[in-house]
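First the structure, in the form of structure tokens, and then the observations on it.
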Amino acid sequence: MTTLSPENSLSARQSATFILEKRKPPIDKTEWDSFFDENGHLAKSRDFICVNILERGLHPFVRTEAWKFLTGYYSWQSSRDERLMVDSNRRRNYKALCQMYEKIQPLLENLHGNFTETRNNIAYDIQRLYDKDPLGNVLVDKKKLEKTLLLSYVCNTKAEYQRGFHEMVMLFQLMVGHEHETFWLFQFFLQKTEHSCVINIGVGKNLDMLNSVITLLDPEFAEHLKGKGSGAVQSLFPWFCLCFQRAFKSFDDVWRLWEVLLTGKPCRNFQVLVAYSMLQMVREQALVESMSGDAILLACNSLIDLDADELISAACMVYAELMQKEVPQPLKDFFL
């Protein structure tokens with residue numbers, strides 16, 4: 001067992017306090033531009049910027065550029081000219097991937113049954129996707145969305161297509177202006193978040209660590225979840241598969257949480273502490289009513305229209321509490 005450093009705990013508490021209080025306005029275009037020198041090199045540290053994003057968030061006008069740094073699309077050490085070159089290379093590489101896909105598509109159709117099945121799943125998911133705003137205006141181009149998902153499936157051998165990716169990629173398409181940006185940002189997002197939303201890579205680990213956090217911080221609830229409430233935690237995998245997308249009241253709230261996950265602040269794998277904070281919202285009802293696992297899951301699924309800042313604050317407080325405990329080494333390694 002190891003007690004994690006008090007510096008980390010203090011940082012988490014300070015971040016939570018900043019967010020819980022009336023927080024400063026998000027980083028706008030003027031402030032974002034002030035982070036760079038005349039050559040386009042960052043004049044502020046990466047840590048400074050990431051802490052500010054955690055505590056304040058990003059204005060929509062700077063989100064696309066900031067996410068290119070957060071995901072690794074751009075290097076934090078790059079100049080303005082180097083970033084122009086990166087954009088050009090990303091566009092050219094994306095075009096080459098599209099051409100390659102067109103050439104091998106007949107081969108995939110004839111030799112790989114999984115390809116046809118996956119393509120049908122993608123088409124079905126996109127057909128069912130609601131793509132209009134409250135005024136009835138079309139939000140996304142479904143054909144481009146399908147193309148991005150198919151190309152991602154063919155090129156990303158580590159993260160096969162899973163139900164829900166179409167909703168995630170839609171948010172990337174809404175954020176950026178070009179197909180190649182949508183494709184690359186989604187790929188880098190998966191990598192940067194350690195494939196935590198991929199069901200055959202990170203989701204199972206997230207659920208195991210969530211159980212460990214509950215056992216450490218809330219033994220009473222843990223006992224209930226092992227008894228009458230058994231099965232509830234393992235059934236929460238959609239939270240992680242969709243990166244909590246369906247829990248929020250707006251796309252801005254989803255982007256707000258996702259950009260915090262990309263900062264790595266206040267810790268790695270922050271999504272598990274977000275899930276713990278959401279589970280705490282149904283804890284009292286679950287214990288008082290001695291709810292079964294299915295009833296707990298139903299209550300968890302009813303958690304919608306959440307405010308991202310409030311949830312991030314709650315998860316930061318959980319992290320601060322965790323830092324004060326004697327933490328098992330696997331849990332420590334997972335978060336640090």
Checklist entry - Is the backbone of I126 close enough, under 3.5 Å, to the side chain of K142 for a donor and an acceptor to pair up by distance? => result yes

Item to check | Audit row: W239, L303, side chain to side chain contact (heavy atoms under 4.5 Å, CB included) steps and yes/no | outcome: CA-CA 11 Å; W239 281 358; L303 295 174; 4.2 Å; yes

Checklist entry - Does the S277 side chain pair with the main chain of L273, one donor and one acceptor, at a distance under 3.5 Å? => result yes

Checklist entry - Between the side chain of E167 and the main-chain N/O of G164, is any donor-acceptor distance below 3.5 Å? => result no

Checklist entry - Between the side chains of D253 and S250, is a donor N or O closer than 3.5 angstrom to an acceptor N or O? => result yes

Checklist entry - Using 4.0 Å as the upper bound for N to carboxylate O, is an ion pair formed by K44 and D37? => result no

Item to check | Whether W258 and F189 hold their rings parallel, tilted or perpendicular, with breakpoints at 30° and 60° | outcome: tilted

Item to check | Validation row: Q99, K95 side chains within 4.5 angstrom (heavy atoms) | outcome: yes

Checklist entry - Does L129 belong to the same Ile/Leu/Val/Met/Phe/Trp/Tyr cluster as Y124, with side-chain heavy atoms less than 4.5 Å apart forming each link? => result no

Next on the checklist: Keeping H178 on the side-chain end and H180 on the backbone end, is there a donor-acceptor pair under 3.5 Å?
Outcome noted: no

Checklist entry - Are the side chain of S34 and the backbone of E31 linked by a donor-acceptor contact shorter than 3.5 Å? => result yes

Next on the checklist: Apply ring pair (Phe, Tyr, Trp, His ring centres under 6.0 Å) to residues F165 and F186 and explain how you reach the verdict.
Outcome noted: CA-CA 10 Å; F165 272 4; F186 181 58; 5.3 Å; yes

Checklist entry - Mind checking whether L261 and L242 sit in one hydrophobic cluster, side chains of I, L, V, M, F, W, Y counted as touching below 4.5 Å? => result no

Next on the checklist: Is the shortest side-chain heavy-atom distance between D125 and Y161 below 4.5 Å?
Outcome noted: yes

Checklist entry - Ring centres of F335 and F270 under 6.0 Å apart? => result no

Checklist entry - With no hydrogens and no angle check, do the side chains of Q77 and S75 hold a donor and an acceptor under 3.5 Å apart? => result yes

Checklist entry - Are the side chain of R83 and the backbone of G40 linked by a donor-acceptor contact shorter than 3.5 Å? => result yes

Item to check | Non-hydrogen side-chain atoms of W76 and L70 separated by less than 4.5 Å | outcome: yes

Checklist entry - Using a distance-only test with no angle check, is there a side-chain donor-acceptor pair under 3.5 angstrom linking R90 and N93? => result no

Next on the checklist: If you take the centroid of each ring, where Trp contributes its six-membered ring, are Y73 and W184 closer together than 6.0 Å?
Outcome noted: no

Item to check | K192 NZ/CZ over F188 ring centroid, <6.0 Å and within 45° of normal | outcome: no

Next on the checklist: Could you walk me through whether T182 and E179 satisfy the side chain to side chain contact (heavy atoms under 4.5 Å, CB included) test, starting with their C-alpha distance in whole Å, then the side-chain angles of each, then the deciding distance to 0.1 Å, before giving a yes or no?
Outcome noted: CA-CA 5 Å; T182 302; E179 282 184 57; 5.7 Å; no

Checklist entry - In this structure, are over 12 heavy atoms from other groups packed under 6.0 Å from M85 atom CE? => result no

Item to check | Side-chain heavy atoms of I304 within contact of R246, under 4.5 Å | outcome: no

Item to check | K265 and E55, any side-chain heavy atoms less than 4.5 Å apart | outcome: no

Next on the checklist: I'd like to know if E181 and R91 make a salt bridge, using a cut-off of under 4.0 Å between side-chain N and carboxylate O.
Outcome noted: no

Item to check | Side-chain donor/acceptor of R163 to backbone N/O of C241, under 3.5 Å | outcome: no

Checklist entry - Do Q271 and N206 have side-chain atoms, one donor and one acceptor, less than 3.5 Å apart? => result yes

Item to check | Shared hydrophobic cluster, L97 / Y153 (ILVMFWY, side-chain heavy atoms < 4.5 Å) | outcome: yes

Item to check | Any L149 side-chain heavy atom under 4.5 Å of E146 side chain | outcome: no

Checklist entry - Between V198 and V203, is any pair of side-chain heavy atoms under 4.5 Å apart? => result no

Checklist entry - Once the angle between the rings of Y74 and F69 is folded into 0 to 90°, is it parallel (under 30°), tilted (30 to 60°) or perpendicular (over 60°)? => result perpendicular

Checklist entry - Would Q105 and E109 count as having a side-chain donor-acceptor pair, cut-off 3.5 Å? => result yes

Checklist entry - Taking only residues two or more places apart in sequence, or in another chain, which ones meet K29 in a salt bridge (charged side-chain N to carboxylate O under 4.0 Å, His left out)? => result D33

Checklist entry - Do the side chain of Q162 and the main chain of C197 share a donor and acceptor less than 3.5 angstrom apart? => result yes

Identify all side-chain donor-acceptor contacts of residues 222-233 below 3.5 Å with residues at least two apart in sequence or on another chain.
unit_1 : atom_1 : unit_2 : atom_2 : d
H224   : NE2    : M291   : O      : 2.8
K228   : NZ     : S290   : O      : 3.0
S230   : OG     : G227   : O      : 3.3

Item to check | Contact check, side chains of D218 and Y276, non-hydrogen atoms, under 4.5 Å | outcome: yes

Item to check | Whether E82 side chain and S79 backbone form a donor-acceptor pair below 3.5 Å | outcome: yes

Checklist entry - Any sub-3.5 Å donor-acceptor pair from T71's side-chain atoms to W67's backbone N or O? => result yes

Checklist outcome for this item: Taking every heavy atom of L54 against every heavy atom of R256, the minimum-distance pair comes out as O-NH2, 2.7 Å

Item to check | Neighbour count above 12 (heavy atom, 6.0 Å) for Q234 CD | outcome: yes

Checklist entry - Under 3.5 Å, is there a donor-acceptor pair linking the side chains of Q187 and N156? => result yes

Next on the checklist: Would you say L287 ends up clustered with I214 if hydrophobic residues are merged whenever their side chains have heavy atoms under 4.5 Å apart, either directly or through other cluster members?
Outcome noted: yes

Next on the checklist: Check for me, please, whether I122 and I199 land in the same ILVMFWY cluster - side-chain distances under 4.5 Å, paths through other members count.
Outcome noted: yes

